[in-house]
Structures are given as structure tokens and as C-alpha cells.
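Values in this document were obtained by computation on a predicted structure and should not be read as measured data.
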Amino acid sequence: MSRSDGPHRPFLPIGNPFKMMMHKTSHLPSAVLIAYEKNLAERFRQLKPNNATDVISFSWMKSALGSICETLNDIRKLIVDLELPICSWDGKWVDMYLNNSLNLLDFCSAYGTDIVRQRFGYVMLKCALLDLESGNPQKLMLASSSFHEWMQYQRRYDNSKLQDCCDVISKLEETLNLPKIKNIPKAKDLVRAMYGLKVQTMFIFSTLVAAFSTTCRTLVDLQVPKEYLWHESFTELQTVMNGEIKNIYASGDIYTLKELRVLDENVKKLYPLLHDGLGGVTQEVFHGYCSKLKECNEKFLVGLDELKSEMDRFFKVVVDGRMALLDNFQQQPPRRGVQQVRM
């Protein structure tokens, strides 16, 4: 991926497809790999939004993280079904798996920090609404100032962890090229399955970053060979998601997350009334605006908390996978609370 000459690294550019990764081979996938790829194709189909306005929402983000968890579990099941004992893996394979899973954990950590940042935005709006409810003229000015600060806060990302998330995606992209392996059908099946997991992870991670970003530079555009059974459903999903996100930016909006756009719309209704006066707006309408913003802000907090819970579950699935691999590779009893992959 390209890097700028400036002091700050740019987000991921859209429109730069990654070069193809699959070595030309006459290898035919096994029945267990076909089943794995069909499941992956179905997950991509389920993530395709039915409504363009729901391109990125908290609900979609939770479902997307859940789909990666399902694929991670499928990978562990595939290893069992292929009868490819982890203890027989080449050391480089283990290192690659551990490095990739470490990148996933790094993403969770960085993204979790940005979720906390969004929670602070919730607190800012809550304080502003409490000032409005007081009816104190001086506190009305404080509320106006809080709304202004919130709008500026959402546009500033110099101190966020989004760039760290993009760095993780870049590291995953560096390992996207499939390694050369011996002509062992089972090994080729596993590597092909891991490729699908990486593509799924990179695309979903980039979309999660776009949800809190104010630029489409966070997006990726992956080109997948047609030989994969999930090629069509993935390509359709990527085209819809990236296209609608770019449309949002083209329309003048800077927030792709549905719930964040709703908050911004309601803040923009109230802020000028506090700054310039109610004008022709009645008190009843004004209080309606306040009630609507309060409702949306509370829903935003619920969405953040549910997303954080799903991110924590994803984190645990990755950690359990790492521990199970190490337990099997070292031929030691699994640690308490970690399910061993039995061969």
C-alpha cells in the first residue's frame, strides 16, 4: 500500500486492488473445503444490506464481527476434518498463524480505544441535554458550547486509534499472498481456507474503521479469483458497501455510521437555535428536538456497548484459538478454559 511523504501515514486507499495471491494449480478442493467455502459465501450474502441506508449500522457491525468468529471456528473444524495435526505443522506455519492472530488482537485493542472515544462523545451530549433541561439561561450557553465542541470532536481524529487499525490491515495485506507449499492436498486446502478468512477479515475491519472515520480512504478494494466459491457473494457485498459509503461522502455527509449521522442531524437542529435564538420555532418543537436527541444519544450508547461486547467475544475466540494451537503444537495438556483441537 502506498505511503505519503508527510509525517502522518494515510488511511488505506480505495481503488488499489491487491495483486493476486493464488498460485496457479490444478489442485481440486476437497469436500470439506467445498463445505467451508459454501458457508463463507453464505456469510457474505447475509451481510449484504437490503436497504442502502443501513450500509453501516451497529447491527451490521455486530453481525460482521460475528461472521468472522464463525469462520475462525470453521477453520478449527476444518483442521480436524482434514486430519492435519497441528503438531505436524512446519514451524513457519505456526509462526504465520500466531502473527496473524496477534494482528487481530492488536486491531481489537486499537478499535476498543476508539469505542471509548465515542463513549466520551455520548457523555458530552448527555451533559448538554442536562443543561438544556435545567432552563437556566447560563446553562443554555453551556449547552450551545457543548454541541459545538461535540461537532468539532467528531471531526478530529489525530488522537484516535483508527490509524493503528489501518496499520493492522496493512500487515494483514502483506501476508495475503499465499505461501508456496509442497504438493500436499490437505495443506493446500488449509492454505486456501486461510486465504478466505484473511479476505473476510480485511474487508470487515476496513468497513469497521470507516464507520468512525470521516474519509473513504479507510476502504479496501480486494480482487478475488473466480475459482473461489465465495467470489461472487463477496464481490457483490464489497461493491455495495464501498459504493454506498462513497455515495454518503459524495452527498456531503462525513459520517458513514447510521446512528452517528442521526446524532449529527439532531445536533445541527438544536445548535443554531441556541446560538441564534428560536426565531419562528415554538417551544413545543424545541422540546421535541431535545427529546429526539436524548433518545438517539441513548440508543447510540446501547449500540456502542453491544459492539464492545461483540468485540470482546471476538477477542476471546482469537485468544482461545492461539492457546489451542500452542497446546497442540507443544503436545501439552490444554490450559484451563481453553478447548483443545483434537486430532
Side-chain angles (χ1 to χ4, degrees), residues 8 53-62 110-163 208-216 218 245 247-309 311:
H8 298 291
T53 60
D54 295 328
V55 161
I56 302 186
S57 64
F58 281 130
S59 176
W60 187 93
M61 295 163 77
K62 289 185 295 181
Y111 202 75
T113 300
D114 217 67
I115 290 177
V116 172
R117 182 184 185 279
Q118 289 295 337
R119 285 182 65 91
F120 185 68
Y122 158 82
V123 173
M124 294 173 68
L125 291 183
K126 187 174 181 64
C127 291
L129 289 166
L130 289 174
D131 287 337
L132 288 179
E133 292 174 358
S134 71
N136 186 322
Q138 291 183 337
K139 289 195 173 183
L140 291 180
M141 294 303 298
L142 288 176
S144 175
S145 177
S146 295
F147 285 145
H148 178 73
E149 289 178 6
W150 181 86
M151 290 186 287
Q152 295 301 311
Y153 180 77
Q154 291 296 341
R155 288 164 173 77
R156 291 196 302 264
Y157 273 83
D158 290 343
N159 297 323
S160 78
K161 290 290 185 177
L162 290 183
Q163 182 58 60
L208 292 180
V209 173
F212 291 150
S213 178
T214 57
T215 171
C216 67
T218 62
I245 290 171
N247 288 340
I248 290 172
Y249 289 124
S251 69
D253 264 316
I254 61 173
Y255 306 117
T256 59
L257 178 61
K258 177 183 177 181
E259 290 83 355
L260 192 54
R261 287 202 307 275
V262 172
L263 276 182
D264 186 58
E265 290 168 1
N266 283 278
V267 168
K268 288 178 178 177
K269 289 179 181 178
L270 277 171
Y271 176 67
L273 300 180
L274 295 173
H275 192 263
D276 303 324
L278 296 183
V281 176
T282 65
Q283 283 288 339
E284 182 179 1
V285 172
F286 176 76
H287 289 308
Y289 287 164
C290 294
S291 297
K292 182 64 176 178
L293 177 58
K294 182 177 181 179
E295 177 186 354
C296 293
N297 199 36
E298 294 303 320
K299 287 183 178 179
F300 186 80
L301 178 63
V302 171
L304 276 179
D305 288 344
E306 291 178 348
L307 177 63
K308 181 62 167 61
S309 295
M311 185 66 75

Margin query: List the residues meeting ring pair (Phe, Tyr, Trp, His ring centres under 6.0 Å) with Tyr111, not counting sequence neighbours, and say none if there are none.
Written below: Phe107, Phe212
Notebook entry, point to check: Any side-chain heavy atom of Asp131 sitting closer than 4.5 Å to one from Leu140?
Noted result: no
Next item on the list: Kindly give the heavy-atom pair with the smallest separation between Leu208 and Met311, and that separation in Å.
Entry: CD1-CE, 4.5 Å
Note to self: Please report the interatomic distance CG(Leu257) to OG(Ser213), rounded to the nearest 0.5 Å.
What the structure shows: 12.0 Å
Checklist line | Sequence-distant partners of Asn247, side chain to side chain donor-acceptor pair (under 3.5 Å), two or more places apart | finding: none
Item checked: Atom pair CE/CD of Met61 and Glu259 - distance to nearest 0.5 Å -> 8.5 Å
Note to self: Can you confirm whether more than 12 heavy atoms, excluding those of Lys308, are under 6.0 Å from its NZ atom?
What the structure shows: no
Notebook entry, point to check: Which value, rounded to the nearest 0.5 Å, describes the distance between Leu270 atom CG and Cys290 atom SG?
Noted result: 4.5 Å
Next item on the list: Scan residues 278-307 for pairs that pass ring pair (Phe, Tyr, Trp, His ring centres under 6.0 Å), counting only residues two or more places apart or in two chains.
Entry: Phe58-Phe300
Notebook entry, point to check: Is a side-chain N or O of Ser251 found less than 3.5 angstrom from the main chain of Ile248, in a donor-acceptor match?
Noted result: yes
Note to self: I'd like to check the side chain to side chain donor-acceptor pair (under 3.5 Å) partners of Lys292; sequence neighbours left out, ordered by chain and number.
What the structure shows: none
Notebook entry, point to check: If only atom types and distance count, is the side chain of Arg117 paired as donor or acceptor with the main-chain N or O of Thr113 below 3.5 Å?
Noted result: no
Check: Hey, what do you get for OG (Ser146) to CG (Leu132), rounding to the nearest 0.5 Å?
Finding: 9.0 Å
Note to self: Just checking Gln152: does its CD atom have more than 12 heavy atoms from other residues, nucleotides or ligands closer to it than 6.0 angstrom?
What the structure shows: yes
Item checked: From Ser309 atom OG to Leu304 atom CG, the distance as rounded to the nearest 0.5 Å -> 11.0 Å
Distance-only donor-acceptor pairs under 3.5 Å for side chains of residues 119-127, two or more places apart:
unit_1 : atom_1 : unit_2 : atom_2 : d
Arg119 : NH1    : Asp305 : OD1    : 2.4
Tyr122 : OH     : Glu298 : OE1    : 3.2
Tyr122 : OH     : Glu298 : OE2    : 2.9

Checklist line | Least distance between heavy atoms, Ala210 atom then Ile245 atom | finding: CB-CD1, 4.4 Å
Next item on the list: Would you mind listing every salt bridge (charged side-chain N to carboxylate O under 4.0 Å, His left out) that reaches into residues 141-153, with sequence neighbours excluded?
Entry: none
Next item on the list: Go through Leu260 and Gln154 one step at a time and tell me if the side-chain contact (heavy atoms from CB on, under 4.5 Å) criterion holds.
Entry: CA-CA 9 Å; Leu260 192 54; Gln154 291 296 341; 4.1 Å; yes
Note to self: Checking side-chain hydrogen bond (donor to acceptor under 3.5 Å, both in side chains) between Tyr255 and each of Arg261, Glu265, Arg155, which is the one that passes?
What the structure shows: Arg155
Margin query: When you measure from the side chain of Asp114 to the backbone of Ala110, do you find a donor-acceptor pair of N or O atoms at a distance under 3.5 Å?
Written below: no
Next item on the list: Give, for atom CG of Asp264 and atom SG of Cys296, the distance between the pair rounded to the nearest 0.5 Å.
Entry: 11.5 Å
Margin query: For a quick test of reading the model, state the closest non-hydrogen atom pair linking Tyr271 to Ser144 and the distance between them.
Written below: CE1-O, 3.3 Å
